[in-house]
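This report concerns only the one structure given below.
It should be emphasised that the depicted structure is a prediction, and the values quoted were computed from it without experimental measurement. Residue numbers start at 1 and run along the sequence shown.
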Amino acid sequence: MSELQESKQASVCALCVTYNHEKFIRKTLDGFVAQKTTYPFRVIVHDDASTDSTPEIMREYEAKYPDLFTMIYETENQFSKHNQTWQWMRELVAPMIHEKYFMTCDGDDYWCDPEKVQLEVDFLENHPDYVLCVHDTMFVNFDGENVRRLNGSDKDHDLDMKDILMNWGHDFHSTSTCMKTEINFKRPNEFFMTVCDDWTLAIYAATLGKIHYIGRVMSCFRKGNPNSLTGKPDTRKPSEIKDFAKDTLDFLRNINEYTNRKYDTYFRKRIRSIESLGLLRQHKFLKALVKYPYYSAKHLAGDLLRKFNMMY
């Protein structure tokens, strides 16, 4: 990975991880093909040993666009062999990437704007004090119909650590990120969790510099795919949910110390919010309301609003 620091030319590599996405992968690959950019642009598609026709579809695009796509066809599922996704990404994929900038889009999501790559790279090239460029994303349902925008703002603006910590992933989605490749693959181990990798990456980026948001929908995140986390019912046991909350709290406390408490106010607020939610999920409503009245009331109001929206 030493080449990353030496790379001066503005070039871009996008990574697409896919598994049993035969119903969606064409839309994803077409989103890459549609990009109009003056920068060298390449896409690595990593199939994690799909058992459907995803590899066959990939081979079609590989044959048709050999200069655009680099395909990886696993014979063993790597996700199931590693405790954390980032471990096998570092081992298997990182050595293949030498471009200056890095983007990502999973095989059931897609880019919907042919100017996405050009706009984000242009911004980072012209603003070297920024480390991450993002944009708005449309939630679409299983059939591809628009549901709602994630951020909803049409105004370009900057994001900081306060936004990343307090909004918990509601500012932008991983399909929107554009960053220097070394930021992703040379992240310190402290900035990793088993899940929520896009959120921890954003926290790391916020420690390095500015983050810019483009108020334009340029990607789509598909909800309801049974092969993704959002399409599966939450079958975790209460103990597993509690363990995840503990891992998240430990992560936040550790990063607060790692950054010498530079953002202590926001870390403590996020920690209190998670602790409040943990009590509510254990049905300890009175304790939660007494100990964390603001955050508990906010969580309960949010739950009621979501239920109301599902009814109507």
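The ring of F24 has its center no closer than 6.0 angstrom to the ring center of Y110. Ring to ring, Y39 and Y101 are not that close: their centroids are 6.0 angstrom or more apart.
D156 contributes a side-chain N or O that, together with a main-chain N or O of G215, makes up a donor-acceptor pair within less than 3.5 Å. Side-chain atoms of D48 do not come within 3.5 Å of backbone N or O of E74 as any donor-acceptor pair. Side-chain atoms of T37 never come within 3.5 Å of backbone atoms of Q118 as a donor-acceptor pair (strictly under, hydrogens ignored). Without hydrogens or angle criteria, Q35 side chain to G31 main chain gives a donor-acceptor distance under 3.5 Å. Judged by distance alone, with hydrogens and angles left aside, the side-chain atoms of T54 form a donor-acceptor pair with the main-chain N or O of E22 at under 3.5 Å. The closest donor-acceptor contact from the side chain of T137 to the backbone of L150 lies at 3.5 Å or more, if one exists at all. Without hydrogens or angle criteria, H98 side chain to P95 main chain gives a donor-acceptor distance under 3.5 Å. With D109 contributing its side chain and C105 its backbone, the two residues share no donor-acceptor pair below 3.5 Å. Under a 3.5 Å cut-off, the side chain of T18 and the backbone N or O of D47 do not form any donor-acceptor pair.
Considering all non-hydrogen atoms of both residues, I211 and A202 come closest at CD1-O, 4.1 Å. In terms of heavy-atom proximity, M71 sits nearest to V45 at SD-CB, 3.4 Å. Residues L289 and A297 approach most closely at CD2-N, 4.1 Å, considering heavy atoms. Minimum interatomic distance between G107 and T28 (heavy atoms only, all atoms of both residues): O-OG1, 3.0 Å. Nearest heavy atoms, C220 versus C112: SG-SG, 3.9 Å. Minimum heavy-atom separation, M161 to I203: CE-O, 3.5 Å.
Figure legend: cation-pi geometry between R59 and Y73, with NZ or CZ positioned under 6.0 Å from the six-membered ring centre and within 45° of its axis.
Annotation: the span from K23 atom NZ to H21 atom NE2 amounts to 11.5 Å, rounded to 0.5 Å. Atom-to-atom distance recorded for I25:CD1 and S53:OG is 10.5 Å, nearest 0.5 angstrom. Expressed to the nearest 0.5 Å, how far CE of M96 lies from CZ of R42 amounts to 6.0 Å. Rounding to the nearest 0.5 Å places CH2 of W111 at 9.0 Å from OG1 of T175. Taking NZ of K27 as the start and CG of D108 as the end, the distance is 13.5 Å to the nearest 0.5 Å.
Using a 4.5 Å cut-off on side-chain heavy atoms (C-beta onward), N151 and F172 make no contact. The side-chain heavy atoms of L29 and Y65, taken from C-beta on, include no pair separated by under 4.5 Å. Proximity of Q282 to K287: side-chain heavy atoms (C-beta onward) are nowhere separated by under 4.5 Å. Residues K223 and V147 have side chains not in contact (no heavy-atom distance under 4.5 Å, counting atoms from C-beta outward).
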Inset, instruction - Show the numbers, then the answer: is there a side-chain contact (heavy atoms from CB on, under 4.5 Å) between C178 and H135? - result: CA-CA 9 Å; C178 177; H135 55 74; over 6 Å; no
Inset, instruction - In sequence, state the C-alpha distance, the side-chain angles, and the governing distance for E120 and K116, and then conclude on salt bridge (charged side-chain N to carboxylate O under 4.0 Å, His left out). - result: CA-CA 6 Å; E120 292 195 285; K116 169 188 162 63; 2.8 Å; yes
Legend entry - Candidate pair D154 and R149, rule side-chain contact (heavy atoms from CB on, under 4.5 Å), full reasoning: CA-CA 10 Å; D154 294 321; R149 290 172 62 171; 2.7 Å; yes
Inset, instruction - Give the C-alpha distance, both sets of side-chain angles, the deciding distance and a yes or no for side-chain contact (heavy atoms from CB on, under 4.5 Å) between E125 and K100. - result: CA-CA 10 Å; E125 282 288 284; K100 184 176 182 179; 2.8 Å; yes
Inset, instruction - Decide yes or no on salt bridge (charged side-chain N to carboxylate O under 4.0 Å, His left out) for D30 and R26, but give the supporting numbers first. - result: CA-CA 6 Å; D30 286 340; R26 289 186 186 277; over 6 Å; no
Inset, instruction - Quick one: do F285 and H283 satisfy ring pair (Phe, Tyr, Trp, His ring centres under 6.0 Å)? Show the steps, please. - result: CA-CA 5 Å; F285 300 108; H283 303 291; 5.7 Å; yes
Inset, instruction - Carefully, step by step, assess I183 and L208 under the rule side-chain contact (heavy atoms from CB on, under 4.5 Å). - result: CA-CA 9 Å; I183 291 177; L208 301 178; 4.1 Å; yes
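Each of V117, D113, V134 was evaluated against M218; a single residue qualifies, D113, per the side-chain contact (heavy atoms from CB on, under 4.5 Å) test. When the options L252, N256, T265 are evaluated for a side-chain contact (heavy atoms from CB on, under 4.5 Å) with R270, the one that passes is L252.
Residues I164 and F267 fall within the same hydrophobic cluster, defined by Ile, Leu, Val, Met, Phe, Trp and Tyr side chains chained together at heavy-atom separations under 4.5 Å. A single hydrophobic cluster is seen to contain both Y61 and L68, as judged by linkage of ILVMFWY side chains at heavy-atom distances under 4.5 Å, directly or through other members. Y213 and V121 are assigned to two separate hydrophobic clusters, defined by single-linkage of ILVMFWY side chains at heavy-atom distances under 4.5 Å. Under the 4.5 Å side-chain heavy-atom criterion for Ile, Leu, Val, Met, Phe, Trp and Tyr, L279 and L277 are members of distinct hydrophobic clusters. Hydrophobic clustering places V131 together with Y258 (ILVMFWY residues linked when any side-chain heavy atoms are closer than 4.5 Å, directly or through intermediates).
D129 is linked by a salt bridge (charged side-chain N to carboxylate O under 4.0 Å, His left out) to K210, counting only residues two or more places apart in sequence or in another chain.
For the residue pair S219 and S176, no side-chain donor N or O sits within less than 3.5 Å of a side-chain acceptor on the partner. No donor-acceptor contact under 3.5 angstrom links the side chains of Y295 and E275, judged on distance only. Side chains of D136 and S153: a donor-acceptor N/O pair is absent below 3.5 angstrom, by distance only. Donor-acceptor pairing under 3.5 Å is lacking for the side chains of D160 and Y263. Counting only N and O atoms by type, the side chains of E99 and T181 include no donor and acceptor under 3.5 Å apart.
Using a 30° and 60° split on the angle between ring planes, W199 and F251 fall in the tilted class, from 30° to 60°. Taking the six-membered ring where the residue is Trp, H212 and Y130 present perpendicular rings, their angle passing 60° and hence far from 30°.
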